[in-house]
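Please read the structure below before turning to the comments.
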Amino acid sequence: MTIGVWGYLDEYDQEKEETHAAITSVLESGKLILGPHVTGFEEEYAAYCMAAYAVGVANGTDAITIGLRALGISPGDEVITVSNTAVPTVSAIVDAAAIPRFVDIHPDSYLMNVDLIEPLINQKTKCLLPVHLFGQCVDMDPLLALAKKHNLKVFEDCAQAHGSRYKNHIAGSLGHASSTSFYPTKILSTYGDGGMVLTQDENTKDHIRRLRFYGMDKQYFSIENGTNSRLDEIHAAILRNKLKHLPNYLKRRQQLAATYDEGLKNTALQLPITYPDNIHSYYLYVVSHPNRDELLEQLLSYDISLNVSYKWPIHTMPPFKQYLFENQTLPHTEAAANRIFSLPMYPSLKDEDQAKVIEVLNLIAC
């Protein structure tokens with residue numbers, strides 16, 4: 001059997017009884033949309049993330065778009081983020097009618113290089129959007145100081161950072177608002193789509209709730225143009241159960257990462273780093289090698305199928321090339337895209353499968 005980067009069937013089998021009970025409780029409740037499980041999960045997830053408020057939406061992409069709109073980001077406003085991220089980060093900015101701008105990354109962590117942001121700020125800049133990528137937080141203290149200096153909003157993309165910490169703060173609790181995704185591959189996930197917006201501000205929370213439900217403050221009466229983006233009651237019920245397991249998910253991921261660290265230390269792979277005072281949640285275990293594509297081909301011959309997050313920087317894609325500043329280059333972003341790849345990383349990964357991946361990489365990653 002081929003070893004892949006991710007799988008959910010063993011985890012589902014372990015949690016099947018409680019998952020089915022959660023689904024049944026919704027179907028028998030008579031309340032299918034924005035019911036008690038959505039409200040309950042919003043409250044529980046906000047408390048976990050040290051946020052005052054959480055609002056469930058249909059997916060992580062909508063969470064960014066709606067969150068930006070709720071912060072007052074308007075058509076033509078510029079939002080600074082990274083090109084080394086998933087497409088939804090940037091497409092959501094465009095969906096909010098804003099203009100994404102890109103800053104380069106650190107070559108060791110692949111995270112936003114905050115030191116490079118200030119020269120990109122101009123009168124159109126309204127928001128900084130750090131992506132807490134692969135399970136580790138961006139250096140938030142200098143980013144927040146920069147935002148305060150220039151009167152900018154900060155919106156955190158936490159889709160890959162459930163449980164990650166920055167200096168005792170949970171990812172998503174530091175900015176004016178933040179988003180996350182509960183897509184099936186995520187650390188905290190459901191069996192479909194789902195998303196959440198977090199904020200410490202009551203007025204922002206109220207605005208997000210309007211925007212997710214057609215701009216309505218009360219039924220059938222819109223006070224602004226919104227959308228239809230509601231976290232499903234069934235998924236909320238599933239996520240309430242999974243939230244209880246999140247500490248164990250994180251513990252297992254960190255155990256797997258430690259095993260990789262030890263088992264691969266004598267290879268030519270560049271292994272992940274964790275910044276001081278950070279807790280890495282290891283959504284992905286991302287390594288780097290100059291002969292990445294050759295390694296991936298060789299791994300296939302051992303029935304190990306891995307992937308690259310992300311092989312194509314966003315600024316190289318046709319819809320988004322226009323958002324580079326004139327003569328702007330992102331050398332570290334482009335270099336990383338040619339070298340990085342992800343090893344299997346999920347709580348139900350079998351020890352013997354991880355051992356095989358380590359064994360093979362010690363043979364071929366010289």
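Values below: all heavy atoms of this structure, side chains included; hydrogens, waters and symmetry mates excluded. For reference, positions follow the sequence shown, starting with 1. Here the structure is a predicted model, which is why all the values come from computation and not from measurement.
- Residues Leu174 and Val154 have side chains not in contact (no heavy-atom distance under 4.5 Å, counting atoms from C-beta outward).
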What donor-acceptor contacts under 3.5 angstrom involve side-chain atoms of residues 135-144, with partners at least two apart or in another chain?
| residue | atom | partner | partner atom | Å |
| --- | --- | --- | --- | --- |
| Gln136 | OE1 | Tyr275 | N | 2.6 |
| Gln136 | OE1 | Asn278 | ND2 | 3.3 |
| Gln136 | NE2 | Ile273 | O | 3.0 |
| Asp139 | OD1 | Tyr166 | OH | 2.7 |
| Asp141 | OD2 | Lys167 | NZ | 3.0 |

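- You'll find the side chain of Asp232 stays beyond 4.5 Å of the side chain of Val38, heavy atoms only.
- Between the His245 side chain and the Leu188 main chain, no donor and acceptor come within less than 3.5 Å of each other.
- Looking at Thr190, its side chain never comes within 3.5 Å of a backbone N or O of Gly192 through a donor-acceptor pair.
- Screening Leu128, Ile117, Thr85 against Met112 for a side-chain contact (heavy atoms from CB on, under 4.5 Å) leaves a single residue, Ile117.
- The existence of a salt bridge linking Glu15 and Lys244 is excluded, since no basic side-chain nitrogen approaches an acidic carboxylate oxygen closer than 4.0 Å.
- A distance-only check finds no donor-acceptor pair linking the side chain of Thr329 to the backbone of Pro331 [under 3.5 Å].
- Arg165 has its side chain out of reach of Asp277: every pair of non-hydrogen atoms, C-beta onward, lies at least 4.5 Å apart.
- In plain terms, the two heavy atoms of Ser342 and Leu306 that are nearest each other are O-CB, 3.5 Å.
- Remark: Asp217 engages Arg210 in a salt bridge (Lys or Arg N to Asp or Glu O under 4.0 Å) (not counting sequence neighbours).
- For the pair His280 (side chain) and Tyr282 (backbone), a donor-acceptor distance under 3.5 Å is present.
- Taking OG1 of Thr81 as the reference point, atom CD1 of Ile64 lies at 8.0 Å (rounded to 0.5 Å).
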Q) How far apart are the C-alpha atoms of Gln270 and Val287, what are their side-chain angles, what is the distance that settles it, and do they pass the side-chain contact (heavy atoms from CB on, under 4.5 Å) test? A) CA-CA 5 Å; Gln270 179 182 324; Val287 298; over 6 Å; no
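- The 12-atom threshold is not exceeded at CG of Asn168, counting heavy atoms of other residues, nucleotides or ligands nearer than 6.0 Å.
- To the nearest 0.5 angstrom, Leu295 atom CG is 7.0 Å from Leu361 atom CG.
- Closest non-hydrogen pair, Pro313 versus Thr333, comes out as CB-CG2, 3.8 Å.
- Evaluation of the ring-ring contact (aromatic ring centres under 6.0 Å, His included) test over residues 186-240, restricted to residues two or more places apart or in two chains, returns Tyr8-Tyr191, Tyr12-Tyr191.
- Considering only heavy atoms from C-beta on, His176 stays 4.5 Å or farther from Phe155 through its side chain.
- Every salt bridge (Lys or Arg N to Asp or Glu O under 4.0 Å) that Lys16 has, sequence neighbours left out, goes to Asp13.
- By the 4.5 Å heavy-atom criterion applied to side chains, Leu198 and Thr180 are not counted as neighbours.
- Side-chain contact of Tyr249 with Ser281: a donor-acceptor pair under 3.5 Å is absent, judged by distance alone.
- Note that OG1 of Thr89 is 8.0 Å distant from CG of Leu133, once rounded to the nearest 0.5 Å.
- Taking CE from Met317 and OG from Ser91, the interatomic distance works out to 10.0 Å, rounded to the nearest 0.5 Å.
- At distances below 3.5 Å, not a single donor-acceptor pair connects side-chain atoms of Ser309 with backbone N or O atoms of Asn307.
- Val357 is listed as a side-chain neighbour of Pro344, based on a closest heavy-atom distance under 4.5 Å.
- Residues passing the salt bridge (Lys or Arg N to Asp or Glu O under 4.0 Å) test with Glu118, sequence neighbours excluded: Lys149.
- Applying the ring-ring contact (aromatic ring centres under 6.0 Å, His included) definition to pairs two or more places apart or across chains, none involves residues 68-110.
- Taking the salt bridge (Lys or Arg N to Asp or Glu O under 4.0 Å) definition, one finds that Glu78 meets it with Arg101, sequence neighbours left out.
- The residues Asp10 and Lys350 are annotated as salt-bridged, a charged nitrogen and a carboxylate oxygen being separated by less than 4.0 angstrom.
- When all heavy atoms are compared, the tightest approach of Leu349 to Leu256 is CD2-CD2, 4.0 Å.
- Side-chain atoms of Ser179 never come within 3.5 Å of backbone atoms of Ala63 as a donor-acceptor pair (strictly under, hydrogens ignored).
- Proximity of a side-chain donor or acceptor of Arg252 to a complementary backbone N or O of Ser348 within less than 3.5 Å is not detected.
- Formation of a donor-acceptor pair under 3.5 Å by the Glu233 side chain with backbone atoms of Gly35 is found in this model.
- For residues 151-161, the set of pairs meeting the salt bridge (charged side-chain N to carboxylate O under 4.0 Å, His left out) definition, not counting sequence neighbours, is empty.
- A donor-acceptor contact shorter than 3.5 Å links the side chain of Ser29 to the backbone of Val26.
- Taking the six-membered ring for Trp and the full ring otherwise, Tyr285 and Tyr260 have centroids separated by under 6.0 Å.
- Residues Ile170 and Ile279 do not share a hydrophobic cluster, clusters being chains of Ile/Leu/Val/Met/Phe/Trp/Tyr side chains in contact below 4.5 Å.
- Counting heavy atoms from C-beta outward, Thr227 and Leu211 have side chains that stay 4.5 Å or more apart.
- Rounded to the nearest 0.5 angstrom, Ile238 CD1 and His20 NE2 are separated by 8.5 Å.
- By the 6.0 Å contact criterion, CD on Glu352 is enclosed, its count of non-hydrogen atoms from other residues, nucleotides or ligands being greater than 12.
- The heavy-atom pair separating His162 from Leu250 by the smallest distance is O-CD2, 3.4 Å.
- The shortest heavy-atom contact between Gly263 and Ile358 is O-CG2, 3.5 Å.
- A heavy-atom distance below 4.5 Å is found between the side chains of Leu27 and Ile234.
- In terms of modelled atom types and a separation under 3.5 Å, the side chain of Arg212 and the main chain of Gly56 share a donor-acceptor contact.
- If you chain together hydrophobic residues whose side chains sit under 4.5 Å apart, Leu146 and Val79 fall into the same group.
- Residue Asn151 places its CG atom among 12 or fewer non-hydrogen atoms of other residues, nucleotides or ligands, all under 6.0 Å distant.
- The existence of a salt bridge linking Lys242 and Glu44 is excluded, since no basic side-chain nitrogen approaches an acidic carboxylate oxygen closer than 4.0 Å.
- Every pair passing side chain to side chain donor-acceptor pair (under 3.5 Å) that includes a residue from residues 193-202 is listed here, sequence neighbours excluded: Asp201-Thr204.
- Residue pairs meeting the ring-ring contact (aromatic ring centres under 6.0 Å, His included) criterion with at least one member in residues 298-338: none, sequence neighbours excluded.
- Minimum heavy-atom separation, Thr61 to Ala92: O-CB, 3.5 Å.
- Evaluation of the salt bridge (charged side-chain N to carboxylate O under 4.0 Å, His left out) test over residues 284-309, restricted to residues two or more places apart or in two chains, returns none.
- For residues 25-57, the ring-ring contact (aromatic ring centres under 6.0 Å, His included) pairs, not counting sequence neighbours, are Phe41-Tyr45, Phe41-Phe182, Tyr45-Phe182.
- The CD atom of Gln254 sits 12.0 Å away from atom OG1 of Thr259, with the distance rounded to the nearest 0.5 Å.
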